[in-house]
Amino acid sequence: MEPEIQRQTPVTSPEKSPPGPDAAAVLPVDARPAPAAGTRKTLTLIPLIFLIYFEVAGGPYGEEPAVQAAGPLLALVGFLVFPFIWSIPEALVTAELSTALPGNGGFVLWAERAFGPLFGSLMGTWKFLSGVINVAAFPVLCIDYVKKLFPVFESGWPRNVAIAVSTLMLSFLNYTGLTIVGYTAVVLGIVSLMPFLVMSSIAIPKIRPHRWLSLGQKGVKKDWNLYFNTLFWNLNFWDNVSTMAGEVDRPQKTFPVALLVAVVFTCVAYLIPLFAVTGSVLVDQSQWETGFMADAAEIIAGKWLKVWLEIGAVLSAIGLFEAQLSSSAFQLLGMADLGMLPRVFAARSKWFDTPWLGILLSTAICLGFSYMNFTSIISSANFLYSLGMLLEFASFLWLRRKMPALKRPYRVPLSLPWLAVLSLVPCGFLVVIMVYATKVVYLVSGLMTVGGIGWFFLMRFCKSRKILKFSNGDIGEVHEED
């Protein structure tokens, strides 16, 4: 069967039909995607909250290196303070722009509206590459936990087959639709957090509050690079869900509530186990590596809880894979709607209404990276993500200036100068991370960026010569009243 391609009626651009002199003062512009006939919004509030949760965290797995790097006190302070200087600004930007421009593509659409097609395409390149490379790590992580129970998967062809089969099975689940993926995320989120709640409850009588005040063992040097990177990557990617904004039921109301709940939920999910374990378990600081929470569970309650927590880690990795693969696939769909990719990328499955080509391409790239030693590639992907975030904050500020009349169902209650101040701290943090990158990261990231620019001009050439079919790029409908 031929895949169905969603088509939208061309509409008049605001630049082509300027409003009357008082129109903006009376009623702001309402830019939103024109819904295709028969399209049903599939993401409601609860599944959206858990999808955001899995885009960002997926549980307290991975927070341990903050203790190893700087000791219990600074780790706790970091997870208490960092959400205010990074997570909340990023979530606020996502809430405002996702409700003002609720179309698939998210941050690609924002950059395109702010600075034009080249920057929109470049944003798409940076975010897509960083996204799919990160997704490739999750099936590997699943097998790394499974091999603790079944050593046959430690190496060789059994491990390679297991990674390939798990990637394909998880991708097929993604293909079955956002409704199934969303409610699967709810179940995975609850089940994967249960062992941490049990561990934290059992740990209460063993907690010694003075341990929370420790700055680490004497003679152990602070590893600030590890500390800040641990905080950054455990509290990041709030904007990824924006690529599915066109699939959200009543996005103007749902997005702000979902982001608020997800921020609180994620931070609490990190802090409760961290307080419990740092207060009740006294071990050498060097043991606080990724995965130490499972060892702490055994110390606190026994082997049974360690196994349960490791099972939860596998479920968490599955949730992370599903959420981030969905974002990558719908990003390609949004870019096709904007005319940045051939129209075939907007094709949806007739059975499940999912962007099957985007899922297929993302899965193929994931499989390729799963078998590589891609430490430098992942560092480069993170560098590209940082570039994308700088462009995203710039787009947010410029759209406030460029399109003041744009209807924003949720609006960050600050004037433009104060929004610049709000963006300054996270942008400064991004610059610091990029300054400390290695030469290899600079080289790989530069090549990927040049490739992204070349891809934009290649697509432009194909469009001008009509070699491939493209959408007209008019996905926004403008409503004005005198």
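Between E96 and R408 a salt bridge is recorded (basic side-chain N to carboxylate O distance below 4.0 Å).
Counting heavy atoms from C-beta outward, Q287 and Q68 have side chains that stay 4.5 Å or more apart. Residues L168 and T363 meet the side-chain proximity criterion, which asks for heavy atoms closer than 4.5 Å. Counting heavy atoms from C-beta on, the side chains of L333 and F345 never come closer than 4.5 Å. No side-chain heavy atom of L170 sits less than 4.5 Å from a side-chain heavy atom of F138. Within the 4.5 Å cutoff, the side chain of L391 has heavy atoms near those of the F115 side chain. At least one side-chain heavy atom of T230 sits less than 4.5 Å from a side-chain heavy atom of P65. The side-chain heavy atoms of N229 and W224, taken from C-beta on, include no pair separated by under 4.5 Å. Under the 4.5 Å side-chain criterion, counting only non-hydrogen atoms from C-beta, S326 is in contact with M244.
W86 has its ring centre less than 6.0 Å from the ring centre of F232. Taking the six-membered ring for Trp and the full ring otherwise, F237 and Y385 have centroids separated by under 6.0 Å. Ring centers of Y53 and F265: under 6.0 Å apart, within the cut-off.
Checked by atom type and distance alone, the side chain of T243 pairs as donor or acceptor with a backbone atom of S327 at under 3.5 Å. In this structure, the side chain of R211 engages the main chain of S280 through a donor-acceptor pair within 3.5 Å. Of the possible donor and acceptor atoms, none in the side chain of S362 sits under 3.5 Å from a partner among the backbone N and O of I359. Put simply, the side chain of E55 never gets that close to the backbone of L320: no donor and acceptor are under 3.5 Å apart. A donor-acceptor pair under 3.5 Å links the side-chain atoms of E64 to the main chain of G291, judged by distance alone. The main-chain N or O of F275 is found under 3.5 Å from a side-chain atom of W212 such that the two form a donor-acceptor pair. Looking at S87, its side chain does come within 3.5 Å of a backbone N or O of L235 through a donor-acceptor pair. Judged by distance alone, the side chain of S166 and the main-chain N or O of I163 form a donor-acceptor pair under 3.5 Å. With hydrogens and angles ignored, the 3.5 Å screen pairs a side-chain donor or acceptor of R208 with a backbone N or O of K206. At distances below 3.5 Å, at least one donor-acceptor pair connects side-chain atoms of K402 with backbone N or O atoms of R113.
In plain terms, the two heavy atoms of Q252 and P102 that are nearest each other are NE2-CG, 3.8 Å. Listed here is the closest heavy atom pair of R411 and P404: NH1-O, 4.4 Å. Considering all non-hydrogen atoms of both residues, P72 and V67 come closest at N-CG1, 4.0 Å. Taking each heavy atom of P139 and V135 in turn, the nearest pair found is CD-O, 3.3 Å. Between P273 and S200 the shortest heavy-atom distance is CA-OG, 3.6 Å. For the residue pair A185 and F54, the shortest heavy atom distance occurs at O-CE1, 3.1 Å.
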Given the rule in the side chain to side chain contact (heavy atoms under 4.5 Å, CB included) test, do L338 and V108 qualify, once you have shown the distances and angles that lead to the verdict? CA-CA 9 Å; L338 285 165; V108 177; 3.9 Å; yes
For a side chain to side chain contact (heavy atoms under 4.5 Å, CB included) check, start with the C-alpha distance between T278 and L76, then their side-chain angles and the critical distance, and finish with the verdict. CA-CA 9 Å; T278 54; L76 291 167; 4.1 Å; yes
Side chain to side chain contact (heavy atoms under 4.5 Å, CB included), that's the test. Do V248 and V241 meet it? Break it down for me. CA-CA 10 Å; V248 175; V241 75; 6.0 Å; no
Might you work through the side chain to side chain contact (heavy atoms under 4.5 Å, CB included) test for L97 and S242, ending with a clear yes or no? CA-CA 9 Å; L97 294 181; S242 67; over 6 Å; no
Take N104 and E247 through the side chain to side chain donor-acceptor pair (under 3.5 Å) test and state the conclusion after the steps. CA-CA 7 Å; N104 291 325; E247 312 303 306; 2.7 Å; yes
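How far OG of S386 is from CG of N236: 7.5 Å, rounded to the nearest 0.5 Å. One finds the CG atom of N134 at 10.5 Å from the CZ atom of F369 (value rounded to the nearest 0.5 Å). In this structure, CE on M434 lies 3.5 Å from CZ on F383, to the nearest 0.5 angstrom. Here CD1 of I133 is found 9.5 Å from CZ of F128. Values are rounded to the nearest 0.5 Å. Considering CD1 of I180 and CG of L173, their distance stands at 7.0 Å, rounded to 0.5 Å. Atoms CG and CE, from D337 and M335 in turn, are 11.5 Å apart once rounded to the nearest 0.5 Å.
Environment of NZ in K222: crowded, with over 12 heavy atoms of neighbouring residues, nucleotides or ligands closer than 6.0 Å. Remark: F119 CZ is loosely packed, at most 12 non-hydrogen atoms of other residues, nucleotides or ligands lying under 6.0 Å away.
The side chain to side chain donor-acceptor pair (under 3.5 Å) search around E63 returns none, not counting sequence neighbours. Shown here are the side chain to side chain donor-acceptor pair (under 3.5 Å) partners of Y175, two or more places apart in sequence or in another chain: S349. With sequence neighbours left out, the side chain to side chain donor-acceptor pair (under 3.5 Å) criterion links Y270 to N234.
Applying the side chain to side chain donor-acceptor pair (under 3.5 Å) definition to pairs two or more places apart or across chains, those involving residues 295-316 are D295-K306. Pairs engaging residues 122-133 under the side chain to side chain donor-acceptor pair (under 3.5 Å) rule: W126-T449, K127-D239, K127-E392 [sequence neighbours left out].
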Contacts table for residues 416-430: side-chain donor-acceptor under 3.5 angstrom, sequence neighbours left out:
residue: S423; atom: OG; partner: L419; partner atom: O; Å: 2.9

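Just one of V277, L274, L309, I272 meets the side chain to side chain contact (heavy atoms under 4.5 Å, CB included) condition when paired with F196; it is L309. Checking L51, T179, D249 one by one against L43, the side chain to side chain contact (heavy atoms under 4.5 Å, CB included) holds for a single residue, L51. Shown are L193, L305, I300; of these, the side chain to side chain contact (heavy atoms under 4.5 Å, CB included) with V198 is made only by L305.
Taking the six-membered ring where the residue is Trp, F292 and W288 present tilted rings, their angle falling between 30° and 60°.
Judged by distance alone, the side chains of E322 and T184 never bring a donor and an acceptor atom under 3.5 Å apart.
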